[in-house]
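Reviewing the structure listed below.
From a predicted model like this one, the values you see are computed outputs, not experimental measurements. Throughout, numbering of the chain's residues begins at 1 and tracks the sequence.
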Amino acid sequence: MNRLAFKMKLNNGQKEIYKKRHDELWPELKQLLKDNGVNEYSIFFDEETSTLFAFQKVSGEGGSQDLANNSIVKKWWDFMADIMEVNPDNSPVSIPLEELFYLE
């Protein structure tokens, strides 16, 4: 099992909308993640900086960041683009984080 972490940036004042959209995560997107080895996925919010911290446990080498060519993922990006920092293709600006410590 691999652990992946990355950060993204939410636009100011969008926390509640972001949470609501994820509380209502599309079943087909949830299934796609599970089918691609994402076993756990948490997103935390830093109120001070509007930074989102994402953590995933995945089986295999990839994670959600490797599903960029999937039509469901692209549709989700379009849905989320109005409330967070995105790239020209509407993918979230996502910065991978290096793990420096792990206690099991």
Side-chain angles (χ1 to χ4, degrees):
M1 189 75 60
N2 291 316
R3 293 174 308 280
L4 304 175
F6 52 94
K7 64 181 180 175
M8 301 171 287
K9 185 82 170 193
L10 198 58
N11 295 338
N12 289 332
Q14 301 301 310
K15 176 181 147 186
E16 294 307 319
I17 293 171
Y18 186 89
K19 181 171 179 358
K20 181 179 185 326
R21 290 181 185 181
H22 280 77
D23 287 346
E24 300 169 355
L25 188 67
W26 304 335
E28 63 270 27
L29 181 54
K30 186 184 288 188
Q31 190 61 52
L32 176 69
L33 291 168
K34 289 183 179 291
D35 289 348
N36 283 275
V38 179
N39 300 303
E40 290 185 35
Y41 191 169
S42 297
I43 301 173
F44 300 87
F45 181 66
D46 179 355
E47 196 84 44
E48 210 174 296
T49 64
S50 292
T51 298
L52 298 164
F53 167 77
F55 171 80
Q56 299 176 354
K57 279 189 178 178
V58 297
S59 55
E61 295 301 313
S64 66
Q65 304 297 293
D66 298 309
L67 299 173
N69 293 322
N70 186 284
S71 62
I72 297 168
V73 171
K74 289 180 181 185
K75 185 176 170 185
W76 180 257
W77 290 349
D78 293 342
F79 179 56
M80 298 299 289
D82 64 324
I83 62 170
M84 60 191 309
E85 288 185 7
V86 295
N87 295 303
D89 66 353
N90 279 346
S91 64
V93 174
S94 176
I95 300 164
L97 300 172
E98 179 183 2
E99 182 176 81
L100 298 181
F101 173 77
Y102 175 67
L103 176 66
E104 187 169 22

Spacing of CZ belonging to Phe6 relative to CG belonging to Leu97, to within rounding of 0.5 Å:
9.0 Å

So, taking the atom named CG in Leu29 and the one named CG in Asn70, what distance separates them when rounded to the nearest 0.5 Å?
8.5 Å

Measure the spacing between CE of Met84 and CZ of Arg21 and express it to the nearest 0.5 Å.
10.5 Å

Cluster overlap Leu4 with Val73, hydrophobic side-chain contacts below 4.5 Å:
yes

Quick one: do Asp78 and Lys74 make a salt bridge, cutoff under 4.0 Å?
no

On a heavy-atom basis, which atom in Met8 and which in Pro92 lie closest, and how many Å separate them?
SD-CB, 3.8 Å

With rounding to the nearest 0.5 Å, note down the distance linking CG in Asn11 to CD in Glu85.
6.5 Å

Would Val86 end up clustered with Ile95 when hydrophobic side chains under 4.5 Å apart are linked, directly or stepwise?
no

When you look at Met80 and Gln14, which way does the side chain to side chain contact (heavy atoms under 4.5 Å, CB included) test go after all the steps?
CA-CA 11 Å; Met80 298 299 289; Gln14 301 301 310; over 6 Å; no

Test item: Arg3 side-chain N/O and Glu99 main-chain N/O as donor-acceptor pair under 3.5 Å
no

Shortest non-hydrogen pair, Ser50 vs Asn12, comes out as OG-OD1, 3.2 Å

Counting only N and O atoms by type, is there a donor-acceptor contact under 3.5 Å from the side chain of Asn90 to the main-chain atoms of Pro88?
no

Tightest non-hydrogen contact, residues Ile43 and Ala54, listed as CG1-CB, 4.1 Å

Tell me whether Leu32 shares a hydrophobic cluster with Tyr41, the cluster being built from Ile, Leu, Val, Met, Phe, Trp, Tyr side chains joined at under 4.5 Å.
yes

Is there a path of hydrophobic side-chain contacts, each under 4.5 Å between heavy atoms of I, L, V, M, F, W or Y residues, that connects Phe79 with Leu67?
yes

What's the separation between atom OG in Ser94 and atom CG in Leu52, rounded to the nearest 0.5 Å?
10.0 Å

Indicate if Phe53 and Val58 have the same hydrophobic cluster label, given that clusters are the connected sets of ILVMFWY residues with side-chain heavy-atom separations under 4.5 angstrom.
no

To the nearest 0.5 Å, tell me how far Lys34 NZ sits from Gln31 CD.
8.0 Å

Output yes when a side-chain donor or acceptor of Lys9 lies under 3.5 Å from a complementary backbone atom of Thr49, and no otherwise.
yes

Nearest heavy-atom pair of Ile83 and Leu10: which atoms, and what distance?
O-CD1, 3.2 Å

May I have the step-by-step check of side chain to side chain contact (heavy atoms under 4.5 Å, CB included) for Gln56 and Leu33, ending in yes or no?
CA-CA 10 Å; Gln56 299 176 354; Leu33 291 168; 5.6 Å; no

Show your working on salt bridge (Lys or Arg N to Asp or Glu O under 4.0 Å) between Lys20 and Glu16 and close with a plain yes or no.
CA-CA 6 Å; Lys20 181 179 185 326; Glu16 294 307 319; over 6 Å; no

Does a side-chain heavy-atom distance below 4.5 Å link Lys7 with Asp46?
no

Hey, can you tell me if Trp76 and Trp26 have their rings parallel, tilted or perpendicular (30° and 60° cut-offs)?
perpendicular

Please check: side-chain N/O of Asn87 versus main-chain N/O of Asp89, any donor-acceptor pairing under 3.5 Å?
no

